[in-house]
Amino acid sequence: MRALQLPAWHSDAVVVDLPIPTAGPGQVVIKIAGAGACHSDLHLMHMMSDGMFPWGPPFTLGHENSGWVHEIGAGVEGLSIGEAVAVHGPWGCGACPQCILGMDPYCSNQAAAAGDGAFGGGLGLDGGMAEYMLVHNARHLVKIPGNLDPIAAAPLTDAGLTPYHAVKMSLPKMIPGGKVLVLGVGGLGHMGVQFIEALSGADIIAVDTKQEALDLAVACGAEYTVNSGDADAAAQIKEITKGRGCDVVLDFVGVDATIALGIASSRIQGDMTIVGAAGGTYAYGLYTAPYELNLRSTYWGSRSELAEVLALAERGDITVTYTKYGIDEGLQVYKDLEAGKLKGRAVICP
Ligand code: NAD
Ligand code: ZN
Ligand code: ZN
């Protein structure tokens, strides 16, 4: 089968030929419907190097995956061949307190998980940018409900799940008439806007450098847009909040500039979550941020939250904007993602 692999750190993706994987005990092979191209893959290609993780290339890219059950390993129950499934991407040990809650991204015993510490398929182990994918434990599969498009389910496993987890943490502060700032309206951000819109009565201020992304934000429910290229972007946001500041800020970019803009736009006792993985930092302290600003980072979401996201999509409360590409177009997809030419999510459909 053909697969899009990361051959080494600091390198582009390449198409290779691999044998179709087979399912061992407890495992499942799925035929891939879609594999989303996440901006994190660009960070993998450019920012990471030996020693940063206990795992490394080569591996097949694609950590947001969906498909149909193709082969069921010994001992796996409750699945049937051809059934549509989404893959919960972070693969923890299954036994620590976080994994018992389905919060595998915060596994406290990753070394005991399948793959010698690898985070999951597409993150150290072979992912979904291939015709077939081995899922190392059947518990990582969540059934796709009702008539939900299996291809749309792929981006929901990360571009959907990650913002959903971040939004849920701050829901108590998303009050009617309040303001939520969304920084970056790409794959994750356009889903984040929809979760805020579907779950809360707060107004959304969307910020991006691209007009097309701001238009998408409005289509997803944002009330206000600000171009962060504007020199007075921070003043525009303050003006929209009538000087009070935003109740909640979700930063889906994560560079120094967006973290600084988010903190400058926050209110006293607000929430700010850094989702973007670009590696930006901020000198947080008593004199550099509003009092009692709750500043945190986040990583992915739980298995039960993925089921919630799929259910919200199945009944039409949220919709992924995506474009399909073939495996051979993968290299170009990442170049376009890097150049900011994509709208919503690109999904590789072998
Ligand atoms: P994307 O490329 O689809 O979207 C990024 C958006 O941000 C684009 O619309 C871009 O125009 C905009 N942008 C870039 N610089 C900006 C700036 N200075 N100000 C305002 N907008 C700006 O990326 P994505 O796949 O949505 O991922 C977003 C970030 O989230 C990436 O860093 C990715 O690695 C990270 N991520 C984190 C997690 C997590 O669990 N924490 C999960 C998935 C992705
Ligand atoms: Zn991702
Ligand atoms: Zn664990």
Side-chain angles (χ1 to χ4, degrees), residues 1-30 32 35-65 73 87-96 98-99 102-130 132-141 154 157-159 161-162 254 275-279 297-303 306 327 330-331 334 337 348:
M1 66 172 186
R2 284 168 320 129
L4 189 71
Q5 285 217 326
L6 182 68
W9 297 128
H10 301 285
S11 107
D12 286 332
V14 291
V15 177
V16 298
D17 273 313
L18 295 176
I20 294 175
T22 53
Q27 301 180 332
V28 177
V29 173
I30 63 169
I32 290 290
C38 180
H39 205 111
S40 298
D41 294 331
L42 292 174
H43 299 322
L44 283 178
M45 291 171 194
H46 302 315
M47 279 170 48
M48 309 305 168
S49 46
D50 283 344
M52 289 179 74
F53 303 120
W55 48 271
F59 56 85
T60 302
L61 290 162
H63 57 265
E64 30 178 77
N65 307 305
V87 183
H88 185 227
W91 295 351
C93 73
C96 74
Q98 290 84 353
C99 284
M103 199 57 198
D104 288 46
Y106 299 155
C107 175
S108 52
N109 195 10
Q110 194 70 39
D116 295 330
F119 291 163
L123 296 167
L125 299 168
D126 285 338
M129 292 192 177
Y132 298 88
M133 174 184 174
L134 177 65
V135 178
H136 284 235
N137 192 310
R139 81 188 168 85
H140 303 311
L141 295 176
T157 66
D158 179 15
L161 175 57
T162 302
V275 185
S297 63
T298 189
Y299 181 53
W300 228 326
S302 72
R303 193 163 52 250
L306 174 56
I327 287 186
L331 185 58
Y334 284 113
L337 181 62
I348 304 288

Please report the C-alpha distance between Thr157 and Leu306 in whole Å, then the side-chain angles of each, then the deciding distance to 0.1 Å, and finally whether the side-chain contact (heavy atoms from CB on, under 4.5 Å) criterion is met.
-> CA-CA 6 Å; Thr157 66; Leu306 174 56; 4.0 Å; yes

Just do the side-chain contact (heavy atoms from CB on, under 4.5 Å) check on Met103 and Ser302 with the steps written out, would you?
-> CA-CA 4 Å; Met103 199 57 198; Ser302 72; 3.7 Å; yes

Check the angle between the aromatic planes of Phe119 and Trp55 and answer parallel, tilted or perpendicular using the 30° and 60° thresholds.
->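 Because their plane-to-plane angle is over 60°, the rings of Phe119 and Trp55 count as perpendicular.
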
For the pair Tyr299 and Tyr106, name the ring-plane relationship: parallel under 30°, tilted 30 to 60°, perpendicular over 60°.
->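 Ring orientation of Tyr299 relative to Tyr106: tilted.
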
Heavy-atom distance under 4.5 Å between the side chains of Leu125 and Phe59, does that happen here?
->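 A side-chain contact is absent here, since even the closest heavy-atom pair is not under 4.5 Å.
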
Identify the two heavy atoms, one from [X] and one from [Y], that lie closest to each other, and give their separation to 0.1 Å.
X      : Y      : answer
Glu64  : Ala154 : CB-O, 3.3 Å
Ala13  : Pro7   : CA-CD, 4.5 Å
Trp300 : His63  : CZ2-O, 3.5 Å
Gly56  : Trp9   : CA-CZ2, 3.6 Å
Ala138 : Val28  : CB-CG2, 3.9 Å
Ala23  : Gln27  : CB-O, 3.6 Å

So, does [X] use its side chain to make a donor-acceptor pair with the main chain of [Y] at under 3.5 Å?
X     : Y      : result
His10 : Met48  : yes
His88 : Gly301 : yes
Gln5  : Leu61  : no

Distance from [X] atom [atom1] to [Y] atom [atom2], nearest 0.5 Å?
X      : Y      : atom1 : atom2 : answer
Thr60  : Met129 : OG1   : CE    : 10.0 Å
Cys93  : Gln98  : SG    : CD    : 8.5 Å
Leu44  : Tyr334 : CG    : OH    : 8.5 Å
Leu134 : Ile20  : CG    : CD1   : 12.5 Å
Leu141 : Ile30  : CG    : CD1   : 6.5 Å
Tyr132 : Ile32  : OH    : CD1   : 10.5 Å

Pairs in or reaching into residues 7-24: which pass salt bridge (Lys or Arg N to Asp or Glu O under 4.0 Å), with residues at least two apart or in two chains?
->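 Salt bridge (Lys or Arg N to Asp or Glu O under 4.0 Å) check on residues 7-24 returns Asp12-Lys335.
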
Begin from the C-alpha positions of Val14 and Leu4 and carry the test side-chain contact (heavy atoms from CB on, under 4.5 Å) through to its verdict.
-> CA-CA 6 Å; Val14 291; Leu4 189 71; over 6 Å; no

In sequence, state the C-alpha distance, the side-chain angles, and the governing distance for Val15 and Ile327, and then conclude on side-chain contact (heavy atoms from CB on, under 4.5 Å).
-> CA-CA 7 Å; Val15 177; Ile327 287 186; 4.1 Å; yes

Mind checking salt bridge (charged side-chain N to carboxylate O under 4.0 Å, His left out) for Asp104 and listing every partner two or more places apart, or none if nothing turns up?
->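 Residues passing salt bridge (charged side-chain N to carboxylate O under 4.0 Å, His left out) with Asp104: Arg139, Arg303.
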
